[in-house]
Number of protein chains: 2
Amino acid sequence: MSPGPVKLSDVAERAGVHPATVSRALSERTRHMVNTDTAQRVLAAAEELGYTPNPIARSLKTNRSFTIAVLLPDLTNPLFPPMVRGIEDALAEAGFTALIANTDNHPDRALAAVETMRTRLADGCIAATATRDDGLLAEAATEMPMVLINRRVLNHEIPAVVADDRSGVRQAVEHLAALGHERIAHVAGPQWLATGADRHEAFLAALRGVGLEPDPHLISFGEGFTEEQGARSLHSLLEAGAKFTALVAGNDLMALGCYDALVERGLSCPDDISVVGFNDMPFADKFNPPLTTVRIPHYEMGRRAAELLLGRIEGDGSTPGEDIVLPVELIQRASTAPAPSRRARQAAS
Amino acid sequence: MSPGPVKLSDVAERAGVHPATVSRALSERTRHMVNTDTAQRVLAAAEELGYTPNPIARSLKTNRSFTIAVLLPDLTNPLFPPMVRGIEDALAEAGFTALIANTDNHPDRALAAVETMRTRLADGCIAATATRDDGLLAEAATEMPMVLINRRVLNHEIPAVVADDRSGVRQAVEHLAALGHERIAHVAGPQWLATGADRHEAFLAALRGVGLEPDPHLISFGEGFTEEQGARSLHSLLEAGAKFTALVAGNDLMALGCYDALVERGLSCPDDISVVGFNDMPFADKFNPPLTTVRIPHYEMGRRAAELLLGRIEGDGSTPGEDIVLPVELIQRASTAPAPSRRARQAAS
DNA sequence: GATTATCGTGCAAACGATTGCAGGCGCTCG
DNA sequence: CGAGCGCCTGCAATCGTTTGCACGATAATC
């Protein structure tokens with residue numbers, strides 16, 4: 001037997017057959033081509049020798065790597081690890097492996113990553129990096145199966161699995177409205193991301209839904225879903241003299257930024273201003289105050305994205321793709337409280 | 001030209017040379033074997049055609065995949081993403097890619113992961129999953145270059161990069177002692193992990209260092225570095241009637257568990273009990289109260305681990321390996337306060 | 001009993017790159 | 001002027017699998 005890892009020909013020799021026969025006997029799909037008891041013999045030999053196929057050689061021949069590229073803007077954002085877990089779990093069940101790449105939100109790093117993935121022959125790609133109008137990904141999508149997660153591009157050319165953002169912010173503003181808030185601000189996320197734009201739009205709609213008229217002076221856009229941008233946005237709102245008693249932030253990170261801005265100005269949450277976030281990131285219940293936010297099913301989104309992708313890979317390439325939108329749920333914690341006016345009234349009564 | 005991705009022979013044809021020549025011209029290492037201006041021609045042709053080598057085919061021949069396996073217990077633990085970033089960045093600079101696997105702290109899942117990695121021909125492995133006495137990894141280490149991160153095995157057979165745990169907990173108890181605390185508890189991590197055992201030992205030493213005698217009744221061991229275990233440990237301490245005014249937790253997650261246990265029992269941090277954590281995980285400054293903890297250089301640890309590993313791969317296999325231990329720093333926030341006794345005295349004066 | 005279908009297996013050519021070996025050419029040097 | 005030496009470059013084998021094709025044997029058909 002040759003040295004090093006055992007290979008197909010070793011098994012063949014041991015079983016007294018040709019390597020090709022071993023190959024056929026070992027694959028579920030081609031097993032029927034070989035006599036049942038030779039198959040048994042081969043299987044036994046493979047078992048005894050502890051044969052494991054060399055995936056490199058296999059890939060070279062078949063052009064499939066059983067590898068899925070996962071493009072993330074930033075693994076450090078607590079939003080993503082649970083999604084990745086979901087993705088990995090679903091992929092593993094199908095014998096696939098995830099290859100994770102951070103893009104830092106830089107288009108060129110994304111380009112480089114896509115390139116790497118493509119040349120490494122990933123069988124498909126799950127991207128969380130898409131900007132709303134993303135030519136790069138759209139182009140890449142023509143070359144390999146792709147699905148988006150937590151993002152969406154303008155013309156639904158790429159299937160996506162997303163949380164029900166509209167419902168989420170609706171629940172948020174209804175909650176605020178029910179608490180008596182009438183002047184509600186929006187510390188919005190970047191508008192070049194679908195999540196940012198969708199939530200902003202949903203915010204406007206939800207406000208009208210509860211009979212409030214949107215006020216442009218109560219809306220400020222951040223340039224990223226980050227703490228700094230959240231703080232900056234809130235500061236600029238306050239700076240401009242806007243008056244409001246509650247705000248909904250683009251996501252939890254921005255909400256945390258708002259916390260910072262608030263304490264910096266000696267304001268209290270929720271006494272002066274109620275804030276609600278988005279995502280229910282890990283430890284959102286441990287913040288000061290515990291953050292009211294809308295919970296999205298991170299893990300489930302990951303699973304669904306992976307399953308969707310696998311379906312497109314294995315499948316006939318059809319399933320033209322309704323986006324999958326998963327339900328969300330408002331988690332009420334201590335960062336929201338009745339509006340001051342109502343508290344005053346209650347105190348008076 | 002053949003269809004699909006451009007390959008070596010396409011470039012060869014275009015440049016009017018043999019594929020072998022192209023191969024040599026394209027590799028920095030072998031370029032000197034080919035005439036300077038043919039090399040130019042080849043380079044130009046490759047550029048025009050947009051040639052990118054097929055790493056699968058290359059790997060098959062060279063037995064190198066330029067892939068590094070990264071074994072994590074749990075990507076969802078906020079400790080790890082920054083490390084992964086460090087690893088990825090350092091690897092990318094050298095043209096390597098990281099393959100991330102979660103083991104969920106299950107030895108068999110780790111085994112499966114290692115197996116996958118090995119058969120996928122990873123060139124090396126960075127593991128954060130090692131238990132103190134880890135036969136599995138020790139064995140795997142004989143088959144491929146490996147370095148440990150944030151973990152250590154008993155007999156230093158595998159090089160590791162770790163934070164200076166001893167110094168960290170020393171700083172923590174000195175801080176507490178300086179605040180006047182005399183009865184300091186330890187909500188320790190699992191002892192089968194090096195981090196758990198080291199910190200426990202360091203705790204004992206540090207206590208004596210400030211002239212306090214360790215009391216076994218003030219120490220409780222968790223079975224995992226988790227919130228639940230932190231809460232459970234603290235509960236059992238309190239249940240047993242232990243009296244103390246401060247505690248150092250095995251890590252930040254356990255500290256958060258302590259927060260939970262404290263509020264559940266109507267105790268206040270830091271008024272009744274000061275707590276200090278370990279790791280300075282993201283958002284530790286946002287907790288209620290902001291957590292005093294010791295900061296470890298996550299990102300840097302990742303980088304160093306990757307660099308160390310690459311050195312072992314490229315290099316002569318020497319560097320027998322002192323462990324790399326990186327400095328840590330106590331970050332004082334609001335979860336620690338002067339001991340009640342001292343506060344009383346201050347109030348009296 | 002000759003002819004055709006059926007089944008099981010081996011042969012050999014891929015996949016796309018790397019690399020030892022050999023050979024052609026032009027020099028120099030004795 | 002011929003032997004010898006360097007420098008380039010082409011040839012062909014190789015990495016470990018998969019897979020179309022052909023071949024031989026056995027079974028089914030008329």
Side-chain angles (χ1 to χ4, degrees), chain A residues 1-43 45-46 49-67 95 118-121 123, chain B residues 1-43 45-46 49-67 95 118-121 123:
Chain A
M1 194 179 86
S2 61
V6 23
K7 45 194 175 185
L8 212 44
S9 56
D10 297 326
V11 181
E13 192 179 346
R14 170 83 118 135
V17 294
H18 194 271
T21 307
V22 178
S23 172
R24 288 190 266 253
L26 257 29
S27 165
E28 194 63 61
R29 194 171 43 77
T30 49
R31 175 135 347 131
H32 68 274
M33 305 176 94
V34 25
N35 185 303
T36 313
D37 31 327
T38 24
Q40 290 301 336
R41 224 170 52 242
V42 168
L43 254 30
L49 264 36
Y51 170 75
T52 67
N54 181 326
I56 301 283
R58 188 198 299 253
S59 293
L60 181 57
K61 184 66 179 158
T62 61
N63 260 327
R64 305 198 44 190
S65 60
F66 290 94
T67 286
R118 206 181 55 69
T119 65
R120 293 213 176 223
L121 303 176
D123 293 336
Chain B
M1 192 179 87
S2 61
V6 22
K7 46 192 172 185
L8 213 45
S9 56
D10 296 327
V11 180
E13 191 179 349
R14 170 83 117 132
V17 295
H18 194 271
T21 306
V22 178
S23 172
R24 288 190 266 255
L26 256 30
S27 165
E28 194 63 62
R29 196 171 43 77
T30 49
R31 176 141 340 135
H32 68 276
M33 306 176 95
V34 23
N35 185 301
T36 313
D37 31 328
T38 25
Q40 290 301 337
R41 225 170 53 240
V42 169
L43 255 30
L49 263 39
Y51 170 74
T52 68
N54 182 326
I56 300 284
R58 188 200 300 253
S59 293
L60 181 57
K61 182 68 176 152
T62 61
N63 262 326
R64 306 198 43 191
S65 61
F66 290 94
T67 285
R118 207 181 54 70
T119 66
R120 292 210 178 226
L121 304 176
D123 293 336

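To find a chain, count down the sequence lines: A is the first, B the second, and so on, and within it residues start at 1.
Rounded to whole Å, the distance from NE2 on B/His32 to P on D/dG6 is 15 Å. If you measure from atom CG of B/Asn54 to atom C1' of C/dA17, you get 8 Å, rounded to the nearest angstrom. The distance between atom CG of B/Asn35 and atom C1' of D/dC7, rounded to the nearest whole Å, is 9 Å. The NZ-C1' distance, from B/Lys7 to C/dT18, rounds to 16 Å in whole Å. In this structure, B/Asn63 atom CG and C/dG16 atom P are separated by 19 Å, rounded to whole Å. Atom-to-atom, CD of B/Glu13 to C1' of D/dG10 comes out at 16 Å; the value is rounded to the nearest Å. Counting to the nearest Å, the C1' atom of C/dG16 and the CG atom of B/Leu26 are 13 Å from each other. Rounded to an integer number of Å, the gap from A/Met33 CE to C/dT9 P is 11 Å.
Side-chain atoms of A/Thr52 and A/Pro5, non-hydrogen and from C-beta on, never get closer than 4.5 Å to each other. For the pair B/Tyr51 and B/Val22, the minimum side-chain heavy-atom distance is 4.5 Å or more. B/Thr67 has its side chain out of reach of B/Asp123: every pair of non-hydrogen atoms, C-beta onward, lies at least 4.5 Å apart.
Note on A/Arg29: only backbone sugar-phosphate atoms sit closer than 4.0 angstrom, heavy atoms only; bases stay farther off.
Of the two residues contacting DNA chain D, namely B/His18 and B/Thr62, the nearest-nucleotide position lying further toward the 5' end is that of B/His18.
Candidate nucleotides C/dT9, C/dG16, C/dC21 were compared by shortest atom distance to the side chain of B/Leu60, and C/dG16 ranks first. When each of D/dT14, D/dT17, C/dT19 is scored by its nearest atom to the side-chain atoms of B/Ala20, the top-ranked nucleotide is C/dT19. In this structure, of D/dC8, D/dG16, C/dG16, it is D/dG16 that holds the atom nearest to the side chain of A/Lys61.
The shortest distance between the side-chain N/O atoms of B/Tyr51 and the OP1/OP2 oxygens of C/dG16 is not below 4.0 Å. When the side-chain nitrogen and oxygen atoms of B/Thr38 are compared with OP1 and OP2 of D/dT9, one or more of them lie within a distance under 4.0 Å. Listed pair A/Ser23 / D/dT18 meets the phosphate criterion, a side-chain N or O lying under 4.0 Å from OP1 or OP2. Remark: B/Arg58 is not in phosphate contact with D/dT14, judged by side-chain N or O atoms under 4.0 Å from OP1 or OP2. At D/dT9, none of the side-chain N or O atoms of B/Thr21 fall inside 4.0 Å of OP1 or OP2 (strictly under the cut-off).
Applying the 3.5 Å distance criterion, the base of C/dG8 shares no donor-acceptor pair with the side chain of A/Arg24.
Rounding to the nearest 0.5 Å places CG of B/Leu26 at 11.0 Å from OG1 of B/Thr21.
A distance-only check finds a donor-acceptor pair linking the side chain of B/Arg41 to the backbone of B/Ala15 [under 3.5 Å].
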